[in-house]
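Structure first, commentary second.
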Amino acid sequence: ASAEYRELYEVIATDATAAGTSVLSEAPSLRCGLFSWNSAPALYALPTALLIEEDECDVNRILSWNRGSGELTTLFGGREPPNAGYAAVRLRHRAEALVERVDESSGETQLWRTDGTWDGTRYLRPMPEPLQISSIQLAVQGKALYSPSWPSPSLRALDLATYEDSEVTAFVSPSTPDYRIHPAGELGYFFVRRAGYFDEVGAPLELWRTTGSTPGTFLVAGLVGGYRWAGEIVDLGGSAVFLVATLDGTTELWRSDGTLPGTGVIASFATPSSSGLGLDRLGGYVFFQGRDEAHGEELWRTDGTAAGTALLLDLTPGPAGSVLPWSAAGERYLYFTAGQVDPLPALWVSDGTTQGTRLIVSAWDSGPASPFALGTPDGGERLYFSAESPEAGFELWQVDASSGVVRRVADLWPGPASSFPQDFMALGDVLLFTADDGVHGRELWALPPAGTPCVASGTRACLLGDRFAAELVWKDGTAAPAR
C-alpha cells in the first residue's frame with residue numbers, strides 16, 4: 001500500500017477482515033534529494049515467515065516477519081553493521097530462500113540461505129560474479145539456473161543440494177540468449193538468437209533445452225527462416241508449445257518434446273492483425289488466435305498434434321473473422337471478447353469445447369479490465385473485472401460461468417464516478433481488491449466467499465448501489481410476510 005501523493009510504501013497483512021488487518025512494515029520518511037520516497041517492497045512467502053525486500057533511497061534491506069510471533073527483524077542490509085550492504089532474494093526453494101548479498105566492506109558477492117529466522121540464516125559461498133536482477137529463472141531437476149552479469153553469454157547452474165556453482169554452457173558469439181527459461185515437463189526451454197541483440201529482427205532463432213547440467217543442455221532445433229519474434233512457451237502434457245511470427249507474414253505453431261525428431265511445426269497461419277503471440281491453457285488444450293481464408297481471424301485450440309489443432313468456433317461467420325482483443329483462462333473456463341469493432345466485441349465463456357462455448361453479452365462497450373477468475377464453493381467459477389457503464393462508471397463486475405449471468409457487483413463510488421477496482425487476488429475463496437469509494441481514497445476491499453448480492457424483494461431494500469441492505473422483520477424477530 002502507498003500513501004496518496006507520497007511514494008512511501010507500507011506492508012500490510014490481512015485475513016480479509018478489518019480486525020485481522022495490520023501494518024507490518026512502517027514506511028520510513030527518508031530524504032532523497034527534494035522528495036521523501038521508497039520503492040515498493042517485494043514480498044516472498046516462506047512457511048514460517050514473510051520476507052520483505054525494500055529499498056530506502058540508497059539503502060537496501062531484507063526484513064523477516066515471523067508468522068507466529070509477529071516479530072519484524074532485519075536479516076540483511078540497512079545502514080548499520082553487520083547487516084550493511086546490498087541484498088536481494090533470488091529464489092524460493094522449499095522452505096527457504098536464496099539471497100544474494102554484496103558485502104559492503106569487501107565488495108564480495110555472496111550467496112546466503114534463510115528460512116526467515118536468525119538461526120536459519122547462514123552463509124553458503126562466494127559467487128563468481130554478480131547475478132542479473134531476477135536472473136535465477138527456476139529450478140530444473142534440482143538445479144537453479146541463472147545468467148551472470150551482462151555481457152557474458154552463458155548459462156550457469158547452482159546445485160540446490162550442495163550449492164556448488166558451475167557453468168552449464170557458453171554461447172558462441174555473436175549470440176544472445178533469452179534467459180526467460182520456461183518449464184515444460186522435466187525440462188527448461190529457452191530461445192537463442194544469433195545476433196548482437198535478442199530482439200534483432202530476422203536473425204536466426206534457435207530452441208534450446210536444459211536439465212541444469214552440461215550434457216542435458218543443448219540446441220534442440222534451429223527455426224529455419226527469418227523470425228520477428230517468439231512467444232511464450234507453454235507446458236502442454238510435458239511438451240513445449242509456442243508460437244513464432246515469421247518475416248513473411250505467417251505465424252507458426254510449434255511443439256517440442258526436447259528432441260529433434262519430436263520438434264516441429266504443428267500448423268501455420270496468416271499472422272493475425274489484432275493479436276500478439278499469446279497462449280491460454282485450459283485442461284488438455286492450448287487456445288490461441290489463428291487465421292485462415294475461410295474464417296478469417298478466430299479462436300483456435302490445439303492438443304499438441306496437427307490432427308488435434310482446429311478452429312474452436314466461427315464466432316463471426318464467414319471470412320471477415322473476429323477481433324479478439326482480450327482473453328483470460330481460469331481453472332475451469334476460458335473467457336474472451338470477440339466480434340467486430342462495429343458492432344462492439346461480445347463477451348464469451350467456454351469450457352474448451354465447441355458445444356460449451358457461449359455468448360454472454362452481445363456488445364461490450366468498455367471491455368473487461370484486470371480480469372481475475374475465482375472458484376466458488378459449489379464448484380463453479382466466476383470472473384471478476386472492472387468495467388464501465390454510463391450510470392456507474394468503472395466498477396466491479398462479475399460473470400458466473402455456470403449460469404452465464406453477468407452483472408455489476410457493486411457501485412462502490414455511487415453514481416457516474418468510478419472506483420476503478422484493480423489489484424485482484426484471492427485469499428482462500430475471498431476476493432481481495434483495491435478501489436476508491438470517493439470517501440476513503442484507494443484502499444483494500446474484500447468480497448465474501450459467496451459474493452452474494454443484495455437482491456431487492458418485498459421485505460428487503462438495496463441501498464447505495466447494493467452496498468447496504470435494509471431488511472423488514474417483525475418485532476419478535478420473525479420474518480415479515482412478503483408484500
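Everything quoted here is computed from the prediction, not taken from an experiment.
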Nearest heavy-atom pair of W112 and Y123: which atoms, and what distance? CE3-N, 3.4 Å
Step by step, would you call N66 with T73 a side chain to side chain contact (heavy atoms under 4.5 Å, CB included)? CA-CA 8 Å; N66 187 288; T73 306; over 6 Å; no
Taking D436 first and then R442, would you say they form a salt bridge - that is, a charged N and a carboxylate O separated by under 4.0 Å? no
CD1 of I62 to OG1 of T121, rounded to nearest 0.5 Å, is 9.5 Å
Do the side chains of V23 and V11 get nearer than 4.5 Å, heavy atoms only? no
Going through the checks in order, is the side chain to side chain contact (heavy atoms under 4.5 Å, CB included) test met by L253 and V241? CA-CA 7 Å; L253 177 67; V241 175; 3.8 Å; yes
Quick one, T117 with D119, criterion side chain to side chain donor-acceptor pair (under 3.5 Å). Give me CA distance, side-chain angles, the key distance, then yes/no. CA-CA 5 Å; T117 67; D119 293 339; 5.8 Å; no
Should W65 and L63 count as side-chain neighbours, where that means a heavy-atom distance under 4.5 Å? no
Nearest heavy-atom approach of A97 to L51 is CB-CD1, 3.7 Å
Would a 4.5 Å heavy-atom cut-off, applied to side chains only, mark D165 and L111 as touching? no
Could you tell me whether the side chains of E298 and S322 share a donor-acceptor contact shorter than 3.5 Å? yes
Any chance CD of E108 has more than 12 other-residue heavy atoms, nucleotides or ligands included, within less than 6.0 Å? yes
Name the residue from Y189, F191, F190 that meets the ring pair (Phe, Tyr, Trp, His ring centres under 6.0 Å) definition with F242. F191
Output the distance between atom OG1 (T353) and atom CG (L312), rounded to the nearest 0.5 Å. 7.5 Å
Working to the nearest 0.5 angstrom, can you tell me the gap between F372 CZ and Q422 CD? 14.0 Å
Kindly indicate whether a cation-pi arrangement holds for R301 with Y285, taking the cut-offs as under 6.0 Å to the six-membered ring centre and within 45° of the axis. yes
Side chains of L158 and L91: closer than 4.5 Å at any heavy-atom pair? no
Donor-acceptor contact below 3.5 Å, side chain R255 vs main chain S239: no
Counting C-beta onward and ignoring hydrogens, is there a side-chain heavy-atom pair between I52 and L43 closer than 4.5 Å? yes
Once rounded to the nearest 0.5 Å, what's the spacing between atom OG of S386 and atom CH2 of W397? 10.5 Å
Closest non-hydrogen atom pair between L374 and D429, with its separation: CD2-O, 4.0 Å
L219 and V192: side chain to side chain contact (heavy atoms under 4.5 Å, CB included), yes or no, with the steps? CA-CA 9 Å; L219 169 68; V192 174; over 6 Å; no
Going by atom types only, do D248 and T250 share a side-chain donor-acceptor pair under 3.5 Å? yes
For P47 against R67, the heavy-atom pair lying closest together: O-CD, 3.3 Å
Reported CG-to-CG distance for the pair L383 and L347, which is rounded to 0.5 angstrom: 7.5 Å
Within the structure provided, determine whether T246 and E252 are in side-chain contact (heavy-atom separation under 4.5 Å). yes
As a quick check of understanding, evaluate ring pair (Phe, Tyr, Trp, His ring centres under 6.0 Å) for F394 and F420, giving each step before the final call. CA-CA 5 Å; F394 280 93; F420 293 110; 5.4 Å; yes
I'd like to know if the side chain of E232 reaches the main chain of L279, judged simply by a donor and an acceptor atom lying under 3.5 Å from each other, with no hydrogens or angles considered. no
S64 vs T114 side-chain heavy atoms within contact, under 4.5 Å: no
Run T211 and E186 through side chain to side chain contact (heavy atoms under 4.5 Å, CB included) and show every step you take. CA-CA 7 Å; T211 61; E186 296 184 349; over 6 Å; no
Answer whether the closest heavy-atom distance between the side chains of R209 and F218 falls below 4.5 Å. yes
Rounded to the nearest 0.5 Å, what separation is found between the CD atom of E297 and the CZ atom of F269? 12.0 Å
Restricting to side chain to side chain donor-acceptor pair (under 3.5 Å), what partner residues turn up for R332, sequence neighbours left out? none
Ignoring hydrogens, what is the shortest heavy-atom contact between W118 and L75? Give both atom names and the distance. CH2-O, 4.2 Å
Closest heavy-atom pair and its distance - L24, L72: O-CD2, 3.0 Å
